[in-house]
Amino acid sequence: YYNAARNSLDALAKAESIDDKNSMLHFNGVLGYIYMKQENYKLSADFYRTELQLANEIKDSFLLGHALLDQAELNFTRKNYDCAYNTLDEALFVYNHIDTKKPNNLLNLGERQAYIFNKQALVLYATNRLPEAFNYSNRAIALTDSFACNLYDIAEYYITNGSILNVLNR
């Protein structure tokens, strides 16, 4: 992660020097992820907070939803489950209000919904709210039948579902 952080810090400095807010947002998100993986949660939170501020400043709902998902992931990693769940709900709200008929829209709403439902299932599973977790997991899987989704995500949804089901059946 050292080289990735160094390269991303250099790229962030360049983006800041030319006031490229989209690139600044991107590299703050990358750095937030790198520091989260290194368990430097304070630095991670600082970069993710800046990512969220920039997404709000840019007024791009797609980027805002992504920044919220990053915040939720950090909260989950830190075992701040209530905050993670609420942030996932907020991201879902943002994504659900994007006009998917606009030209150049990058959002695959069903894919984002399924991803968020699976993350919510994981939060509920971690807090031993198993019937709710199973319900959210099933919702994630059901959406994959209706929309084109990343195959790795679909595999994760089934793994989550199976893990919850195994505990429920004990």
Within the structure provided, determine whether [X] and [Y] are in side-chain contact (heavy-atom separation under 4.5 Å).
| X | Y | value |
| --- | --- | --- |
| Asn22 | Asp60 | no |
| Asn118 | Asp153 | no |
| Lys42 | Asp46 | yes |
| Leu74 | Gln71 | no |
| His66 | Tyr95 | yes |

Do side-chain atoms of [X] reach the backbone of [Y] as a donor and acceptor pair under 3.5 angstrom?
| X | Y | value |
| --- | --- | --- |
| Thr87 | Ala72 | no |
| Tyr33 | Ser44 | no |
| Ser8 | Ala5 | no |
| Glu111 | Asn150 | yes |

Could you tell me which residues satisfy side-chain hydrogen bond (donor to acceptor under 3.5 Å, both in side chains) with Asn56, sequence neighbours excluded, listed by chain and number? none
Those residues that, when tested against [X], pass side-chain contact (heavy atoms from CB on, under 4.5 Å) (two or more places apart):
| X | value |
| --- | --- |
| Phe93 | His97 |
| Ala11 | Phe27 |
| Asn80 | Asn75, Cys83 |
| Ile159 | Ser163 |

What distance do [X] atom [atom1] and [Y] atom [atom2] have between them, rounded to the nearest 0.5 Å?
| X | Y | atom1 | atom2 | result |
| --- | --- | --- | --- | --- |
| Leu122 | Thr160 | CG | OG1 | 4.0 Å |
| Gln113 | Thr144 | CD | OG1 | 12.5 Å |
| Asn135 | Phe117 | CG | CZ | 9.0 Å |
| Leu12 | Ser17 | CG | OG | 10.0 Å |
| Lys14 | Leu9 | NZ | CG | 15.5 Å |
| Lys21 | Leu54 | NZ | CG | 6.5 Å |

Test ring-ring contact (aromatic ring centres under 6.0 Å, His included) applied to Phe76 - qualifying residues, sequence neighbours left out: Tyr81
Can you sort out the partners of Tyr35 under ring-ring contact (aromatic ring centres under 6.0 Å, His included), two or more places apart, ordered by chain and number? Phe47
Heavy-atom pair of closest approach, residues [X] and [Y]:
| X | Y | value |
| --- | --- | --- |
| Ala91 | Leu69 | CB-CD2, 3.9 Å |
| Ser137 | Ala121 | N-CB, 3.7 Å |
| Ile98 | Phe62 | CD1-N, 3.6 Å |

Hydrophobic clusters here meaning ILVMFWY residues chained together by side-chain heavy-atom distances under 4.5 Å, can you tell me if [X] and [Y] are in one?
| X | Y | result |
| --- | --- | --- |
| Leu124 | Phe134 | no |
| Leu168 | Tyr136 | no |
| Leu109 | Tyr115 | yes |

Should Leu63 and His26 be marked as a side-chain contact (heavy atoms from CB on, under 4.5 Å) after you check the CA-CA gap, both sets of side-chain angles, and the distance that decides it? CA-CA 9 Å; Leu63 296 175; His26 171 75; over 6 Å; no
Considering residues at least two apart in sequence or located in another chain, which fulfil the salt bridge (Lys or Arg N to Asp or Glu O under 4.0 Å) criterion with Arg6? none
Salt bridge (Lys or Arg N to Asp or Glu O under 4.0 Å) partners for Glu156, two or more places apart: none
How is the hydrophobic cluster of Tyr152 composed, in terms of its other members, when Ile, Leu, Val, Met, Phe, Trp and Tyr link through side-chain heavy atoms under 4.5 Å apart, directly or indirectly? none
Got a sec, which hydrophobics cluster with Leu64, joining ILVMFWY side chains under 4.5 Å apart, including via others? Leu52, Leu68, Val94
For side chain to side chain donor-acceptor pair (under 3.5 Å), just list the numbers for Gln120 and Asp89, CA-CA rounded to whole Å, side-chain angles, deciding distance to a tenth of an Å, and then say yes or no. CA-CA 8 Å; Gln120 287 176 314; Asp89 251 359; 2.9 Å; yes
Asn138 versus Asn161, side-chain donor and acceptor atoms under 3.5 Å: yes
I need the full list of salt bridge (charged side-chain N to carboxylate O under 4.0 Å, His left out) pairs touching residues 64-77, with sequence neighbours left out, sorted by first then second residue. Glu73-Lys119
